[in-house]
Amino acid sequence: MNNRHLRRIAVTVSAAAVLPLALTACSSDDTSASGSDSGADKVASSAPAKETEPMNEPFGPGCATVPKEGAGSFDGMAQDPVATAASNNPALSTLVTAVKQAGLVDTLNSAENITVFAPTNDAFAKIPKADLDKLLANKAELTKVLTSHVVGEKLTPKQLEKGSFDTLAKTALTTSGSEMSYTVNDSSKVVCGNVPTANATVYIVDTVLMPAA
């Protein structure tokens with residue numbers, strides 16, 4: 001048997017020996033990659049779902065009437081204390097007149113972390129004119145009515161779902177509802193809620209809250 005023939009046999013044997021090792025290595029790499037992908041999928045699937053962030057923006061159909069720009073806009077109101085902020089919102093002009101008549105501007109502007117349930121002009125219009133004029137002329141009674149709209153803490157929408165709070169007038173104020181629909185004292189609807197001012201959170205309502213006699 002010549003040397004050339006012997007070399008061919010040696011090459012064939014070497015190739016036969018190397019091939020299984022190469023196949024084994026490839027199989028190992030595939031398995032490792034597959035295992036890595038599976039592990040990543042498992043980690044991704046076990047990650048906790050992101051919780052829904054609490055509602056922190058103004059809400060409600062009445063918010064559409066708030067000016068888009070200027071001092072009476074949401075951004076503008078957030079810069080001023082509550083009585084000043086209300087004076088820049090055209091929909092709250094009757095409330096502002098009443099607050100001035102009762103001498104409560106400084107009281108509300110200097111308070112810290114309060115919630116004001118602010119009746120719209122339409123809310124005051126529900127009161128017969130003779131009764132409204134009489135109320136505006138009686139400072140003591142007007143003060144009681146207005147301060148019954150003020151709670152001495154900032155209230156979140158979540159707290160309104162089933163709430164009971166003491167007002168500055170020492171009266172009880174109750175709230176109920178969920179998401180973007182809330183009722184105050186079983187009679188007044190929140191039409192634009194969670195409006196920030198420099199020292200208060202404002203919930204604009206469609207009916208004046210009259211304290212029990």
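For the salt bridge (Lys or Arg N to Asp or Glu O under 4.0 Å) test, residues two or more places apart in sequence or in another chain that qualify with E161 are K158. Legend: residues meeting salt bridge (Lys or Arg N to Asp or Glu O under 4.0 Å) with K162, ordered by chain and number and at least two apart, are absent. The side chain to side chain donor-acceptor pair (under 3.5 Å) test applied to T156 returns Q159, not counting sequence neighbours. Taking T143 as the reference, nothing meets the side chain to side chain donor-acceptor pair (under 3.5 Å) condition, with sequence neighbours excluded.
With N185 contributing its side chain and T174 its backbone, the two residues share a donor-acceptor pair below 3.5 Å. The main-chain N or O of T207 is found under 3.5 Å from a side-chain atom of S188 such that the two form a donor-acceptor pair. Looking only at distances, no side-chain donor or acceptor of T183 sits under 3.5 Å from a matching main-chain atom of D186. N89 places no side-chain N or O within donor-acceptor distance of the main-chain N or O of V66, the cut-off being under 3.5 Å. Within the 3.5 Å criterion, the main-chain N or O of S93 finds a donor-acceptor partner in the side chain of N121.
For the side chain to side chain contact (heavy atoms under 4.5 Å, CB included) criterion with V150, the lone passing option out of L168, T167, L104 is L168.
Distance check: I127 CD1 to K134 NZ gives 13.0 Å after rounding to the nearest 0.5 Å. Atom OG1 of T147 sits about 11.5 Å away from atom CG of L209, to the nearest 0.5 Å. If you take OG1 on T94 and CG on L132, they are separated by 7.5 Å, rounding to the nearest 0.5 Å. Note that OG of S176 is 9.5 Å distant from CG of L160, once rounded to the nearest 0.5 Å. Put simply, CD1 on I204 and CG on L95 are 9.5 Å apart, with the number rounded to the nearest 0.5 Å.
Within a 6.0 Å sphere centred on NZ of K100, other residues, nucleotides and ligands contribute 12 heavy atoms or fewer.
Under the 4.5 Å side-chain heavy-atom criterion for Ile, Leu, Val, Met, Phe, Trp and Tyr, F74 and V202 are members of the same hydrophobic cluster. No continuous path of ILVMFWY side-chain contacts below 4.5 Å connects V205 to V195, so the two sit in separate hydrophobic clusters. Note: the hydrophobic cluster containing V190 also contains V151 (ILVMFWY, side chain heavy atoms under 4.5 Å, direct or indirect links). Taken together through direct or relayed side-chain contacts under 4.5 Å among Ile, Leu, Val, Met, Phe, Trp and Tyr, V82 and Y203 form parts of separate hydrophobic clusters.
Counting heavy atoms from C-beta outward, P211 and V145 have side chains that approach closer than 4.5 Å. For the pair L142/L136, a side-chain contact is recorded, criterion being any heavy-atom separation below 4.5 Å from C-beta on.
The heavy-atom pair separating P90 from P67 by the smallest distance is CD-CG, 4.0 Å. Closest non-hydrogen pair, G193 versus C63, comes out as N-SG, 4.3 Å. Residues P81 and N199 approach most closely at CA-OD1, 3.3 Å, considering heavy atoms. Minimum interatomic distance between P157 and Y182 (heavy atoms only, all atoms of both residues): O-OH, 3.3 Å. Heavy-atom minimum distance, K139 versus G103: CE-N, 4.5 Å. What you find for T197 and A85 is that their closest heavy atoms are CG2-CB, 3.8 Å.
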Evaluate the side-chain contact (heavy atoms from CB on, under 4.5 Å) criterion for residues E141 and L135: first the C-alpha distance (whole Å), next the side-chain angles of each, then the deciding distance (0.1 Å), finally the verdict.
-> CA-CA 7 Å; E141 187 63 24; L135 176 63; 3.7 Å; yes
Working for side-chain contact (heavy atoms from CB on, under 4.5 Å), residues T201 and N194 = CA-CA 6 Å; T201 298; N194 209 32; 3.8 Å; yes
Verify salt bridge (Lys or Arg N to Asp or Glu O under 4.0 Å) between K129 and D133, making sure each step is shown before the conclusion.
-> CA-CA 6 Å; K129 186 177 185 305; D133 289 344; 2.8 Å; yes
L173 and S164: side-chain contact (heavy atoms from CB on, under 4.5 Å), yes or no, with the steps?
-> CA-CA 6 Å; L173 182 148; S164 180; over 6 Å; no
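Using a 4.0 Å cut-off between charged side-chain N and carboxylate O, K126 and D122 make no salt bridge.
Among pairs with a residue in residues 134-170, none fulfils ring-ring contact (aromatic ring centres under 6.0 Å, His included), at least two apart in sequence or across chains.
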Between side-chain atoms of residues 109-117 and protein atoms elsewhere (two or more places apart, or another chain), which donor-acceptor pairs fall under 3.5 Å?
from : atom 1 : to   : atom 2 : distance (Å)
N109 : OD1    : A83  : N      : 2.9
N109 : OD1    : T84  : N      : 3.3
N109 : ND2    : T84  : OG1    : 3.1
S110 : OG     : D106 : O      : 2.7
S110 : OG     : T107 : O      : 3.4
T115 : OG1    : E153 : O      : 2.6
T115 : OG1    : L155 : N      : 2.8

